[in-house]
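Read through the structure below, which is laid out as structure tokens, and then see the notes.
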Amino acid sequence: MTEESQKMSAQDICFMKRCIQLARCGEEGAAPNPMVGAVVVCDGCIIGEGYHRKCGGPHAEVNAIASVRDRQLLTRSTLYVSLEPCAHYGKTPPCADLIVAQRIPRVVIGCQDPFAKVDGLGIKKLRDAGIAVKVGVLEAECRALNARFITFHSLHRPWVTLKWAQSADGFIARADGSSVKFSTPFTQMLVHRLRAGHQAIMVGGRTALLDNPWLNVRQWHGTDPLRVVMACHDQPLPPHLHLCQPSHTPTLVYQGQSVAEVLSNLHGKGIQSLLVEGGATLLGAFLEAGCWDELRVEVAPFMLGTGIPSPAWPSHGMYATADYGGNRVLVFRKNCSKDGSSKPIIPNFT
């Protein structure tokens, strides 16, 4: 590798990091679209930047190009974008067409878009127009940025987070199935933040009966997720349950279906992320089926001595931990790879 190519590689990495920073600004508005950031660089300096702010609004490339004051510079600039530019008409025109029309000579892409209407077609359109295209700069980071979107389109199911709380000696509830207050006020707030970050939330039928949960967001700003119950019996839920009360978010009830069938059905409804909160049987079914992407477990600093055991954690992988006033939160997350493999990565807690 020549000194010049090494320099350019370092520059590509630097500007792609900026794309990722920008993309995160769309965390609340972009969904169900992916978070995407873009920068326009001329002579080593950023002359324009943007991100996808809201679903249905202009994409990151459009906002970045629009922010360039001197449009003549575009013909000798490089466009950096964290995700492959779209090549189809959706709610907005194809970004690839705009890039070609602006005669931008070079495009650097973080990762390919697995969405069927894009999936390499944007890259092909750019290259067919004579544009130099480089793909795969900080690819792992760019894929992790949109892990839920990529899982949804690559594996054809929602991103699944399994969450439970347990005692220090590994029990998830009392022997009769009744719940125990494991969380502190602060970690309870974190749970509601986690709920706000998922499109749907699920519990088993027994948990719905014993705990009578609301499954909504009360201690964090955000939208209530779709409520889902996976029941193993044919009886309807009792009408007095909170999940049966009128709400702006409906409750879906699945009976006698496998984990894979339910996830396929949710995928068909456009649900990209699912939080499973219990109980132990339901969590174990997801673990046994291998249909999960992230585990989040809160461990309280006291013993129960007896009760319902918590599900078994994977015997391999890397974990992240954080301590919140005596309660530990542990996280295990699979890598979001193209083939659905489970190479683990350590996530952050933000």
Side-chain angles (χ1 to χ4, degrees), residues 32 148 151-152 156-166 172-183 188 191-220 222-298 307-311:
R148 298 176 183 190
T151 295
F152 181 82
H156 308 292
R157 64 163 175 79
W159 169 276
V160 177
T161 302
L162 306 182
K163 175 266 172 187
W164 70 84
Q166 66 176 61
I172 200 171
R174 295 187 179 93
D176 61 359
S178 59
S179 61
V180 179
K181 188 176 180 60
F182 294 115
S183 298
Q188 187 65 37
V191 170
H192 284 250
R193 179 184 180 183
L194 189 64
R195 290 180 177 181
H198 287 75
Q199 286 182 276
I201 181 171
M202 176 186 286
V203 294
R206 191 162 185 257
T207 298
L209 291 171
L210 289 174
D211 294 352
N212 192 18
W214 286 99
L215 300 185
N216 58 10
V217 178
R218 302 183 300 278
Q219 300 181 31
W220 192 264
T223 303
D224 290 342
L226 173 72
R227 303 177 301 184
V228 183
V229 178
M230 194 163 172
C232 59
H233 52 78
D234 296 329
Q235 298 297 321
L237 295 178
H240 71 274
L241 295 182
H242 293 147
L243 294 178
C244 297
Q245 304 308 308
S247 172
H248 62 276
T249 57
T251 299
L252 294 180
V253 179
Y254 293 96
Q255 294 177 325
Q257 290 181 285
S258 68
V259 167
E261 288 172 330
V262 171
L263 291 180
S264 178
N265 186 270
L266 291 175
H267 176 271
K269 297 179 183 297
I271 301 299
Q272 291 189 11
S273 56
L274 171 67
L275 175 64
V276 182
E277 286 203 1
T281 300
L282 180 63
L283 291 164
F286 274 86
L287 286 166
E288 184 177 353
C291 294
W292 62 274
D293 302 283
E294 182 172 300
L295 306 180
R296 285 182 175 251
V297 179
E298 179 178 351
I308 297 176
S310 63

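Excluded from the calculations below are hydrogen atoms, water molecules and symmetry mates; all remaining heavy atoms, backbone and side chain alike, are included.
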Practice item. Take atom CD of E261 as the centre, draw a 6.0 Å sphere, and report whether it contains more than 12 heavy atoms from other residues, nucleotides or ligands. Key: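 Atom CD in E261 is crowded, with more than 12 foreign heavy atoms closer than 6.0 Å.
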
Please round to the nearest 0.5 Å and tell me the distance separating atom [atom1] of [X] and atom [atom2] of [Y].
{"X": "H267", "Y": "R157", "atom1": "NE2", "atom2": "CZ", "value": "10.5 Å"}
{"X": "T161", "Y": "R148", "atom1": "OG1", "atom2": "CZ", "value": "5.5 Å"}
{"X": "L282", "Y": "L287", "atom1": "CG", "atom2": "CG", "value": "10.0 Å"}
{"X": "L283", "Y": "M202", "atom1": "CG", "atom2": "CE", "value": "10.5 Å"}
{"X": "Q245", "Y": "N212", "atom1": "CD", "atom2": "CG", "value": "8.5 Å"}
{"X": "L243", "Y": "I201", "atom1": "CG", "atom2": "CD1", "value": "9.5 Å"}

So, the side chain of [X] versus the backbone of [Y]: is there a donor-acceptor pair under 3.5 Å, distance only?
{"X": "Q199", "Y": "Q272", "value": "yes"}
{"X": "T207", "Y": "G279", "value": "yes"}
{"X": "D211", "Y": "P213", "value": "no"}
{"X": "Q166", "Y": "A173", "value": "no"}
{"X": "D224", "Y": "V217", "value": "yes"}

Exercise for review: Among L275, I271, V276, L274, find the residue that satisfies the side-chain contact (heavy atoms from CB on, under 4.5 Å) test when tested with H198.
Suggested key: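 Answer after filtering L275, I271, V276, L274: L275.
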
Practice item. For a side-chain contact (heavy atoms from CB on, under 4.5 Å) with W220, tell me which candidate from H192, Q188, R195 qualifies. Key: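 Checked H192, Q188, R195 against W220; only one passes side-chain contact (heavy atoms from CB on, under 4.5 Å): H192.
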
Practice item. Dump the intermediate steps for side chain to side chain contact (heavy atoms under 4.5 Å, CB included) on F286 and L295, then the final yes or no. Key: CA-CA 11 Å; F286 274 86; L295 306 180; over 6 Å; no

Contact summary for [X] and [Y], nearest pair of heavy atoms:
{"X": "P309", "Y": "I172", "result": "O-CG2, 3.9 Å"}
{"X": "S310", "Y": "W164", "result": "CB-NE1, 3.6 Å"}
{"X": "L252", "Y": "L226", "result": "CD1-CD2, 3.6 Å"}
{"X": "S273", "Y": "P158", "result": "N-CB, 3.9 Å"}

[X] side chain near [Y] side chain, heavy-atom distance below 4.5 Å:
{"X": "T251", "Y": "C244", "value": "no"}
{"X": "M230", "Y": "T281", "value": "no"}
{"X": "V191", "Y": "R296", "value": "no"}

Practice item. For the pair H242 and W214, name the ring-plane relationship: parallel under 30°, tilted 30 to 60°, perpendicular over 60°. Key: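 Correct class here is parallel.
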
**Study point:** Residues L266, Y254; criterion side chain to side chain contact (heavy atoms under 4.5 Å, CB included); working and verdict
**Key:** CA-CA 11 Å; L266 291 175; Y254 293 96; 3.5 Å; yes

